[in-house]
Q: 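Before I ask anything, let me first share the structure, which is written out below as structure tokens.
For this chain, numbers begin at 1 and follow the sequence in order.
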Amino acid sequence: MSSRLLSPAEAEAAIRQQATQLPAVHLPLAALSGAVLRESITSTRDQPPFDRVTMDGIAFSFESWQGGRNSFRIAGTQAAGAAPLTLPDRTDCIEVMTGAMLPIGCDCVVPVENIDVSDGIAQLRDDAPAPVRNVNVHARGIDSRRGDLLLPSGCRLGPAEVAVIASNGQTHASVARPPRIVVISTGDELVEPGQPLQDWQISRSNVYAVLASLRQHGYSTLSHDHVPDDLPKLRERLRSHLAANDVMILSGGVSMGRFDYVPQVLQELGVRMIFHKVAQRPGKPLWFGVGSGGQTVYALPGNPVSTLVCLTRYVLPGLQAAQGATARTVETISLAQSYEVKPPLAVFLPVTLTQSVAGQCALPHPTRGSGDFTSLIGTVGFVELPPGPRVVMEDASLPLYRW
Ligand SMILES: Nc1nc2c(c(=O)[nH]1)N[C@H]1C(S)=C(S)[C@@H](COP(=O)(O)OP(=O)(O)OC[C@H]3O[C@@H](n4cnc5c(N)ncnc54)[C@H](O)[C@@H]3O)O[C@H]1N2
Ligand code: MOO
Ligand SMILES: [Mg+2]
């Protein structure tokens with residue numbers, strides 16, 4: 001590898017290319033949220049599958065109303081979930097419920113608020129809007145037709161997509177196996193939150209930030225551990241975590257310190273380094289590799305802002321790639337005020353969102369360095385600024401990465 005550091009785009013491309021594909025599994029509907037589809041879903045029925053009544057009221061023949069009739073004998077009741085009734089006579093109507101099939105012979109539904117009923121006769125109220133043909137009817141097949149492609153392979157399943165699969169009558173779908181992810185903090189200074197702290201110790205916060213992000217993005221097969229800066233312990237614990245997981249996310253121990261053992265241990269354990277260091281701030285010492293069993297290993301710099309930024313910029317897209325997800329277009333935004341980039345590195349600048357005359361834009365919310373994670377509170381994510389020295393003007397369109 002040349003000595004030139006990769007740019008963030010090059011590092012992301014290397015991760016997408018090298019991230020090992022997870023196998024496909026069949027999961028039940030209730031377990032699909034957040035998974036990536038590995039089959040395409042074709043509609044087995046028209047949607048809606050029948051002319052669906054959309055208001056509780058009465059259904060009748062529009063022509064009959066057009067011919068001057070505004071009161072109808074109620075000939076029956078059409079409930080949701082019942083086979084369709086047939087209008088016996090053009091002078092009749094049928095009481096209908098939302099979700100019912102439109103009775104045969106009817107093409108007009110008037111809501112119950114717009115009628116008066118007495119002695120089994122429904123009278124249209126004078127102050128009600130005039131009926132319209134096919135009004136309050138969700139026509140069969142108008143949303144999609146049988147045989148239509150509803151969801152392509154590679155699509156990420158959120159609530160709407162899961163509803164579409166369920167409404168297609170499927171109990172399961174073929175998706176990428178949810179990755180087993182272990183999150184590991186390293187460092188002798190770290191203490192479990194809630195445990196007594198010496199003045200020189202700090203609470204182990206990165207792991208919980210990483211877990212919160214992963215859960216927010218739909219990952220639930222998660223575990224975590226802490227390993228001190230100790231070579232034999234690192235070897236032993238990382239070996240066992242590699243054997244049990246698809247993805248390993250480490251924080252700390254990847255820079256130039258005497259006790260930054262992580263890259264060395266990973267390579268001893270047969271994890272092939274794809275890159276170490278990216279031309280970015282924060283998070284320059286990011287390390288990425290692939291284990292001999294195909295495990296994807298992200299060793300994130302330990303400073304808390306670096307950990308979260310690298311997780312968002314690289315690990316989340318890498319996890320998506322490993323599941324076979326179609327790459328998303330990155331959201332772009334402009335700045336509320338110009339911003340000076342000093343280092344010859346890409347800069348990840350935390351932002352809040354604000355409204356300007358030109359629309360929504362990003363307000364810089366810089367931290368006091370990559371140890372200052374309290375400054376991230378209230379930010380939506382960060383924008384990526386090109387390497388300096390330069391002034392990035394307000395009108396520049398910048399990629400926005402949300403936490
Ligand atoms: N001589 C150099 N020193 C450093 C360089 C460099 O290029 N030359 N790079 C700096 C940069 S940039 C970063 S980022 C850090 C990366 O450090 P490590 O990945 O080796 O992480 P540690 O040394 O273990 O810790 C750094 C910092 O972060 C705190 N930390 C670590 N883990 C956690 C955690 N789970 N929760 C909360 N805080 C954590 C740790 O206490 C340290 O303060 O290296 C610079 N140095
Ligand atoms: O760039 Mo390092 O990520 O702390 O500042
Ligand atoms: Mg270090």
Q: Any salt bridge between R69 and E63, counting N to O under 4.0 Å?
A: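 E63 and R69: not salt-bridged.
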
Q: Quick one: sort the Y208 and H224 rings into parallel, tilted or perpendicular, breaks at 30° and 60°.
A: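 Y208 vs H224 ring planes: perpendicular.
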
Q: Under the side chain to side chain contact (heavy atoms under 4.5 Å, CB included) test against I184, which residue among N245, I249, V210, L238 passes?
A: L238

Q: Does a side chain donor of either S370 or D372 reach within less than 3.5 Å of an acceptor in the other side chain?
A: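 Side chains of S370 and D372: no pair found under 3.5 Å.
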
Q: Is the shortest heavy-atom distance from the side chain of S153 to the side chain of L37 under 4.5 Å?
A: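 No, their side chains stay 4.5 Å or more apart.
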
Q: Under 3.5 Å, is there a donor on one side chain and an acceptor on the other for D395 and S334?
A: no

Q: State plainly whether the residues R390 and E340 are in salt-bridge range, i.e. N to O under 4.0 Å.
A: no

Q: Going through the checks in order, is the side chain to side chain contact (heavy atoms under 4.5 Å, CB included) test met by L242 and V297?
A: CA-CA 9 Å; L242 274 173; V297 180; 3.9 Å; yes

Q: W403 and F382: aromatic ring centres closer than 6.0 Å?
A: yes

Q: Output the distance between atom CD (E39) and atom SG (C155), rounded to the nearest 0.5 Å.
A: 11.0 Å

Q: Is there a side-chain contact between L29 and H172 (heavy atoms, below 4.5 Å)?
A: no

Q: Could you grab the distance from atom NE2 of H365 to atom OG of S375, nearest 0.5 Å is fine?
A: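 Answer rounded to 0.5 Å: 6.5 Å.
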
Q: Is there side-chain contact between L102 and P84, with at least one heavy-atom pair below 4.5 Å?
A: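 Of all side-chain heavy-atom pairs linking P84 with L102, none is under 4.5 Å.
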
Q: Under the 3.5 angstrom rule, does the side chain of Q47 hit a backbone N or O of S43 as a donor-acceptor pair?
A: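 Here the side-chain-to-backbone pair does not exist.
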
Q: State, yes or no, whether a side-chain contact exists between P282 and F348 at a heavy-atom distance under 4.5 Å.
A: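 Yes, close enough: below the 4.5 Å cut-off.
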
Q: Side chains of P301 and L286: does their closest heavy-atom pair fall under 4.5 Å?
A: yes

Q: How long is the straight-line distance from OH of Y298 back to CD1 of I274, given to the nearest 0.5 Å?
A: 11.0 Å

Q: For D51, is there an ion pair with R140 - N to carboxylate O distance below 4.0 angstrom?
A: no

Q: Classify the side-chain pair R204/S185 by whether it contains a donor and acceptor separated by less than 3.5 Å.
A: yes

Q: Would you check if L300 and V315 make a side-chain contact, meaning some heavy-atom pair closer than 4.5 Å?
A: yes

Q: Using atom types as modelled and distance alone, determine if a side-chain donor or acceptor of Q264 lies under 3.5 Å from a backbone N or O of Y261.
A: no

Q: Which heavy atom of L32 sits nearest to which heavy atom of A173, and what is that distance?
A: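 Scanning both residues completely, I find the closest heavy atoms to be CD1-CB, 4.0 Å.
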
Q: Just by distance, with hydrogens left out, do H241 and D225 show a side-chain donor and acceptor under 3.5 Å apart?
A: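 Side chains of H241 and D225: pair found under 3.5 Å.
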
Q: Given side chains that start at C-beta, do those of T332 and L398 come closer than 4.5 Å, heavy atoms only?
A: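 Side chain of T332 against side chain of L398, heavy atoms only: no contact under 4.5 Å found.
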
Q: Closest heavy-atom contact between T98 and D56?
A: N-OD1, 2.8 Å

Q: Any donor and acceptor pair, going by atom type alone, linking the side chain of H226 with main-chain N or O of G187 inside 3.5 Å?
A: yes

Q: Please check if the number of heavy atoms outside R313 that lie under 6.0 Å from its CZ is greater than 12.
A: yes

Q: Quick one: do R73 and D89 make a salt bridge, cutoff under 4.0 Å?
A: no

Q: Any donor and acceptor pair, going by atom type alone, linking the side chain of S71 with main-chain N or O of Q123 inside 3.5 Å?
A: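 Absent.
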
Q: Can a salt bridge be assigned to the pair D46 and R146 using a cut-off of 4.0 Å between side-chain N and carboxylate O?
A: no

Q: So how far is it from D188 CG to Q201 CD, rounded to the nearest 0.5 Å?
A: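 Atom-to-atom, D188:CG and Q201:CD are 9.5 Å apart.
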
Q: As a quick check of understanding, evaluate salt bridge (charged side-chain N to carboxylate O under 4.0 Å, His left out) for E268 and R239, giving each step before the final call.
A: CA-CA 10 Å; E268 283 175 21; R239 178 181 288 116; over 6 Å; no

Q: Is there side-chain contact between I94 and L87, with at least one heavy-atom pair below 4.5 Å?
A: yes

Q: Does the pair V290 and V271 meet the rule for a side chain to side chain contact (heavy atoms under 4.5 Å, CB included), with working shown?
A: CA-CA 5 Å; V290 177; V271 182; 5.7 Å; no

Q: Given side chain to side chain contact (heavy atoms under 4.5 Å, CB included), test M248 with L266 step by step and report yes or no.
A: CA-CA 11 Å; M248 185 185 266; L266 287 171; 4.3 Å; yes

Q: Can you name the nearest heavy-atom pair linking Q195 to V191, along with the distance?
A: CB-CG1, 3.5 Å

Q: Side chain to side chain donor-acceptor pair (under 3.5 Å), that's the test. Do N206 and S251 meet it? Break it down for me.
A: CA-CA 7 Å; N206 284 352; S251 101; 3.3 Å; yes

Q: To the nearest 0.5 angstrom, please state how far the CZ atom of R145 sits from the CD1 atom of I142.
A: 9.5 Å

Q: So with a 6.0 Å cut-off around CG of D199, is the heavy-atom count from everything else above 12?
A: no

Q: Give me the atom names and distance for the closest heavy-atom approach of L363 to A336.
A: CD1-CB, 3.7 Å

Q: Where do N168 and T42 come nearest, in terms of heavy atoms and distance?
A: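 Scanning both residues completely, I find the closest heavy atoms to be ND2-O, 2.9 Å.
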
Q: Can you say whether the rings of H276 and W287 are parallel (under 30°), tilted (30 to 60°) or perpendicular (over 60°)?
A: perpendicular

Q: Determine whether a donor-acceptor pair (N or O, by modelled atom type, separation under 3.5 Å) exists between the side chain of N303 and the backbone of S306.
A: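 A pair under 3.5 Å: no.
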
Q: Looking at R180, is its backbone amide N or carbonyl O close enough to the side chain of D246 to form a donor-acceptor pair, meaning the two atoms are under 3.5 Å apart?
A: yes

Q: Using a 3.5 Å distance criterion without hydrogens, assess whether the side chain of S356 forms a donor-acceptor pair with backbone atoms of A358.
A: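 Yes.
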
Q: Could you tell me whether the side chain of Q280 and the main chain of G283 form a donor-acceptor pair under 3.5 Å?
A: yes

Q: Which pair of non-hydrogen atoms, one from S255 and one from D260, has the smallest distance, and what is that distance?
A: C-OD2, 3.1 Å

Q: So, D107 side chain and F62 main chain: donor-acceptor pair closer than 3.5 Å or not?
A: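 At least one qualifying donor-acceptor pair exists.
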
Q: Roughly how far, to the nearest 0.5 Å, is the CG atom of D92 from the CZ atom of F60?
A: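 Between atom CZ of F60 and atom CG of D92 there are 12.5 Å.
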
Q: Side chain to side chain contact (heavy atoms under 4.5 Å, CB included), that's the test. Do L151 and I165 meet it? Break it down for me.
A: CA-CA 9 Å; L151 301 170; I165 297 171; 3.7 Å; yes

Q: Between R38 (side chain) and Q323 (backbone), is there a donor-acceptor pair under 3.5 Å?
A: yes

